[in-house]
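Taking it in order: structure first as structure tokens, then the write-up.
Numbering of ligands and ligand atoms starts at 1, following listing order. The structure presented is a predicted model; accordingly, all values stated were derived computationally and were not measured.
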Amino acid sequence: MRFVLLGPPGAGKGTQAQILAKDLGLPQIATGDILRAALKEQTPLGKKAESYMNAGQLVPNEVVVGIIAERLKGADCREGFILDGFPRSVPQAEALDEILTQLGIRLDAVLSMSIDEKAVVERLAGRRICRSCQASYHVVFYPAEQENVCDKCGGELYQRDDDREETILNRLKVYADSTAPLIDYYSRKGLLQEVDGQGEISDITKALKAALGVG
Ligand code: ADP
Ligand code: ADP
Ligand code: ZN
């Protein structure tokens, strides 16, 4: 199964992608996670992405499209994959179409997770991320068992630089301008399914699985 999780920052893409990856045995491919890992290592890619990420802007297409083109060739993607945070604009979606055509495969679904703006700010302001495995927590809604320690790997939890209110508002604008048009793009292709991103995490997982026909 090959599908995309689409939605504004804070919609729960990362949280759900991680659960679905485990349940369905598919790799979670998150451009944000890949870019943050490159930034941490201060690779040329990470240095190039840093200023865009900290400002809440999209990293240039050639950077992320290159990452995805390489990643999708991986042996672990043969049976399927979950794209989390890519594509984020119509040009990226067109580039993805080309990559998939070259690989002789196609998407099965695009799941659009909706959430209102107030909830986004509340979620992102309380988000904590694991430095080692990038698992996502929330200080109130989804706390780790032990404060600041990842339940999954024991790594240290931290607050992302871009999860500050001014940057959050900028990222919401980028979503509205560049990413939201993908809802129309994928509806036209008959791939879009809308899922409510608000509610209990486990209920949302159920709704996503139902939309994928695996529930
Ligand atoms: P995204 O990857 O779409 O930016 P995340 O999965 O990182 O979103 O979730 C954003 C924040 O909201 C995290 O702190 C996460 O723990 C929390 N969260 C995710 N799903 C829910 C939910 N259904 N209810 C409340 N909080 C949630
Ligand atoms: P969120 O979980 O809040 O949706 P991500 O972790 O997916 O955020 O992305 C963090 C940042 O990484 C984005 O604000 C952007 O700067 C960069 N980024 C991630 N994915 C892409 C992409 N597909 N295209 C361009 N930039 C991206
Ligand atoms: Zn961890």
Side-chain angles (χ1 to χ4, degrees), residues 4-20 28-39 45-46 48-68 71 82-93 95-96 111-115 119-144 146 148-163 167-168 170-175 178-179 182 195-208:
V4 173
L5 291 180
L6 189 69
K13 303 180 297 295
T15 301
Q16 296 296 336
Q18 186 166 16
I19 297 169
L20 292 170
Q28 170 191 3
I29 302 177
T31 36
D33 289 356
I34 295 170
L35 292 168
R36 270 187 296 281
L39 205 152
L45 174 73
K48 200 166 172 184
E50 188 163 17
S51 59
Y52 297 96
M53 293 178 78
N54 287 339
Q57 297 295 343
L58 293 184
V59 171
N61 278 348
E62 66 270 19
V63 175
V64 281
V65 169
I67 292 175
I68 291 293
R71 186 65 189 82
I82 303 171
L83 287 174
D84 160 12
F86 182 93
R88 252 177 158 94
S89 66
V90 170
Q92 287 184 12
L96 176 62
L111 307 176
S112 170
M113 301 175 65
S114 57
I115 177 172
V120 166
V121 177
E122 204 174 50
R123 282 189 185 184
L124 296 190
R127 173 157 68 180
R128 298 291 180 273
I129 296 281
C130 172
R131 260 192 219 287
S132 309
C133 76
Q134 310 244 26
S136 184
Y137 297 86
H138 190 281
V139 289
V140 177
F141 306 137
Y142 190 44
Q146 207 184 322
N148 291 328
V149 179
C150 177
D151 294 348
K152 285 148 194 127
C153 80
E156 182 203 358
L157 304 187
Y158 76 106
Q159 180 168 31
R160 276 169 48 176
D161 274 346
D162 58 346
D163 279 347
T167 319
I168 294 172
N170 204 13
R171 285 156 65 208
L172 281 170
K173 186 171 176 346
V174 169
Y175 175 80
S178 302
T179 311
L182 290 180
V195 173
D196 187 353
Q198 283 170 265
E200 287 293 323
I201 291 176
S202 59
D203 289 339
I204 298 168
T205 306
K206 274 190 210 137
L208 291 168

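- With a 4.0 Å heavy-atom cut-off, ligand 2 is reached by the backbone of Q57 but not by any atom from C-beta on.
- Of the protein's non-hydrogen atoms, R88 NH1, 3.5 Å is the one closest to atom 19 (C) of ligand 2.
- When hydrogens are left out, the protein atom nearest atom 20 (N) of ligand 2 is T31 OG1, 2.8 Å; that is the closest non-hydrogen contact.
- Looking only at protein heavy atoms, the nearest one to atom 14 (O) of ligand 1 is Y137 O, 2.7 Å.
- Taking atom 6 (O) of ligand 1 as the reference point, the nearest protein heavy-atom neighbour is T15 OG1, 2.6 Å.
- C153 contributes SG and C133 contributes SG; the angle these two atoms make at the Zn ion (ligand 3) is 110°, rounded to 10°.
- Of all atoms in ligand 2, numbered sequentially from 1 with element shown, those under 4.0 Å from a heavy atom of G85 are 20 (N), 21 (C), 22 (C), 23 (N).
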* side chain to side chain contact (heavy atoms under 4.5 Å, CB included) assessment of Q198 paired with I204 -> CA-CA 8 Å; Q198 283 170 265; I204 298 168; 5.8 Å; no

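- With hydrogens left out, the protein atom closest to atom 2 (O) of ligand 1 is G14 N, 2.8 Å, a heavy atom.
- Of the protein's heavy atoms, G12 N, 3.2 Å lies nearest to atom 8 (O) of ligand 1.
- At least one N/O-N/O distance between S136 and ligand 1 falls below 3.5 Å.
- Considering each of L124, V59, D161, the one bringing a non-hydrogen atom nearest atom 25 (C) of ligand 2 is V59.
- Heavy-atom proximity to atom 18 (N) of ligand 2, evaluated over L58, L35, I67, is greatest for L35.
- Checking each of R128, R36, R171 against D163 for a salt bridge (charged side-chain N to carboxylate O under 4.0 Å, His left out) leaves exactly one that passes, namely R171.
- If you check which protein heavy atom lies closest to atom 17 (C) of ligand 1, you get H138 CB, 4.1 Å.
- The shortest N or O to N or O distance between R36 and ligand 2 is below 3.5 Å.
- Taking atom 3 (O) of ligand 2 as the reference point, the nearest protein heavy-atom neighbour is R171 NH2, 2.4 Å.
- Counted within 6.0 Å of NZ on K152, heavy atoms from surrounding residues, nucleotides or ligands total more than 12; the atom is thus considered enclosed.
- Among all protein heavy atoms, the one lying closest to atom 11 (C) of ligand 2 is M53 CE, 3.9 Å.
- Scanning the protein heavy atoms around atom 12 (O) of ligand 1, the nearest turns out to be R123 CD, 3.3 Å.
- Only the side chain of R127 comes within 4.0 Å of ligand 2, judged by heavy-atom distances.
- In this structure, atom 23 (N) of ligand 1 lies nearest to the protein heavy atom G199 O, 2.9 Å.
- For ligand 2, the polar-atom distance check against P8 finds no nitrogen or oxygen pair separated by under 3.5 Å.
- If you check which protein heavy atom lies closest to atom 24 (N) of ligand 2, you get Q92 NE2, 2.8 Å.
- At a 4.0 Å cut-off, not a single heavy atom of E50 sits close enough to ligand 2 to count as contact.
- Listed by number with element, the atoms of ligand 2 under 4.0 angstrom from any heavy atom of K13 are 4 (O).
- Side chains of I115 and R123 form a contact here, defined as non-hydrogen atoms less than 4.5 Å apart.
- At the shortest separation from atom 10 (C) of ligand 2 among protein heavy atoms lies R160 NH2, 3.4 Å.
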